[in-house]
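Here the structure is a predicted model, which is why all the values come from computation and not from measurement.
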Amino acid sequence: MKKTIISLIAVALLSGACTDGTLDTAPSTAVSGSTMLETTEGGYMAMNGALRFLWQFGVSTTGNYHQCFGPQSYALMGDLMGEDMVMAGTGSGWFWYDYVYDVKDMYRSGAWRPYDCWNYYYTLICQENYIIASAETMQGDEKDRDYILGNAYAIRAYAYHYLAMTYARSYIGHEDKLCVPIYTEPTTSKTAGKARSTNREVYAQAMSDINTAVDLLKGKPRQHCSHIDYYSANGIKARIALYMGDYQTAYEAAKEAVGGKKVLTKDILSGYNNADAADVLWGAQIIRDQGTTNPQFLVHMDIAYNNGNGYGGTARKCCSEWLYSRITKGDNRQNWWHYENLYSQGYTKVGYQQYKFRFADASDTYVGADHIYMRVPEMYLTMAECACRLGNETEAKEILNEFMTYRMLDGEVYDCSDKSGTDLGALTTEETGSLLEEILLQRRIELWGEFGRVYDIKRLRQGFERTTDMGHPSQALCKTLKLTDPESFDWVLTIPQKEIDANPLIVQNPVGSVAADGQGDDPSLAPAA
């Protein structure tokens, strides 16, 4: 059997130390891969190297580097694949092809999303498998070993969850359809490829991993804001369980994630550029000598960078007019977007230009440019949604009303007490007036630009439409796709040809909206091992 592509980057090359409060993740040649994981000192190097891989740009693809920089790039990709974010122009082309759904047929190239996402997540898994395999032999303090392994299990769970959301249809309704291969042992270029497991099997692995991470990290103080701790591991668990429709588990994990604290803030206009902020559960602190200029999230968002000539200025990211019009009067989040005349910028419409994400100093992109992967508000909204789905409407309203006190301007009041029920429209813009819909609306507003809207659309089993009235340019309306159908494969990436060539057990996803001959997620298509 031919080799797979899952180990393109050796874990031995990703090392660093963390002893003085600064996450030093520069590659080191002082410790060889064969000896690194013999001690907890080397284990920390490997752990920090894997965490650095989360925000490095251009390490997962052979081209288009400036749109490939880890979790924030995939969150932006997922948002642009939905209906709530408008990309008002092509700019340099980065993310435009995600926005107009024109990447699936590029699976033969190493420079586009099919290869990029697959290589990225499996490289993470490869790194963590080496760390996890050292559990019995790594010498050092048990608490340090548990901390290192807890981070490894959490990242592996995260990677399988995002692989599944990217390369498979929704878990709900497709539990026993093909997802992605599972690897839990160290791999090399000679490792035999495996067939695609089902959604149920992949999510069982992800849930097992995150439960192990939570157990290992409990009671262990976070050593650096870029690390995963007990609370952020629970945040990952809440995301996984919510996507599965396991609302009780998601509720309990989200509640643990906030640590029983009221870690909410009214400070929402500072640009979301500080991973050490009070409401950040998980992020990456970028130190000056490891930062970058163009290949990073804020460059794609902040129009002030490079005097408006950066990616954020030449490819404006705007809130859809539909979503903006649903923001409650007196909600401070209205200030995340400004209604501007974009005709003067060469665009076709007036738009709600984003100001939510900004550099601390747009003239210096090496500072004030941390990556933020998860915030406490997401957990409050997850608790509210799950309480509602579990029939605890009074609690759901209390959670949402409390959360909104941190979003309303002084003297303004939000009250959802008149809402009830869990009805949702077939399309995301078909409103029912239910409590669940209201919670999800606040989630859409709050997490705009930082979660990946299409992932929620998939799990909610809804369809969506884009219109020019929302602000979308005509070339992004995607009228030939089946975006109104939750059974569509339009939201499922194709698997890179390099993997298919190397692994004869792989079944390709369809390039189009529906399954084609020999392609799709039917387990009967899988070749015999």
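Lys143 and Asp141 are not joined by a salt bridge, as no carboxylate oxygen comes within less than 4.0 angstrom of a charged side-chain nitrogen. The pair Glu437-Lys419 does not count as a salt bridge, with every side-chain nitrogen at least 4.0 angstrom from each carboxylate oxygen. Note on Glu201 versus Lys194: no salt bridge recorded, every NZ/NE/NH1/NH2 to OD/OE distance being 4.0 Å or above.
Between atom NZ of residue Lys266 and atom CG of residue Asn332 there is a gap of 8.5 Å, rounded to the nearest 0.5 Å. For the atom pair CD1 (Ile148) and CZ (Arg145), the distance works out to 9.0 Å, reported to the nearest 0.5 Å. Considering CG of Leu242 and SG of Cys386, their distance stands at 5.0 Å, rounded to 0.5 Å. In this structure, SG in Cys319 is found 11.0 Å from CD in Gln353, a value given to the nearest 0.5 Å.
With sequence neighbours excluded, the residues satisfying ring pair (Phe, Tyr, Trp, His ring centres under 6.0 Å) with Tyr455 are Tyr162.
Relative to the six-membered ring of Phe464, Arg453 misses at least one condition, a distance below 6.0 Å or an angle of at most 45° to the axis.
Here the options are Gln442, Glu446, Gln334, the test is side-chain hydrogen bond (donor to acceptor under 3.5 Å, both in side chains), and the partner is Arg407; only Glu446 passes. The one candidate from Glu142, Arg222, Gln223, His227 that meets the side-chain hydrogen bond (donor to acceptor under 3.5 Å, both in side chains) condition with Tyr147 is His227. Each of His300, His66, Lys317 was checked for a side-chain hydrogen bond (donor to acceptor under 3.5 Å, both in side chains) with Tyr311, and the lone residue meeting it is His66. Checking each of Asn151, Asp209, Thr184 against Arg156 for a side-chain hydrogen bond (donor to acceptor under 3.5 Å, both in side chains) leaves exactly one that passes, namely Asp209. For the ring-ring contact (aromatic ring centres under 6.0 Å, His included) with Tyr324, the lone residue among Tyr352, Trp448, Trp336 that qualifies is Tyr352.
Under the 3.5 Å distance criterion, the side-chain polar atoms of Arg358 are matched with a main-chain donor or acceptor of Leu269. A donor-acceptor contact shorter than 3.5 Å is absent between the side chain of Asn119 and the backbone of Tyr115. Between the side chain of Arg375 and the backbone N or O of Val280, no donor-acceptor pair lies under 3.5 Å.
More than 12 heavy atoms of other shown residues, nucleotides or ligands fall within 6.0 angstrom of atom NZ in Lys356.
For an aromatic pair to be called close, the ring centres must be under 6.0 Å apart, and Tyr121 with Tyr74 satisfies this.
Classification of the Tyr122-Trp118 ring pair by plane angle, with boundaries at 30° and 60°, yields tilted.
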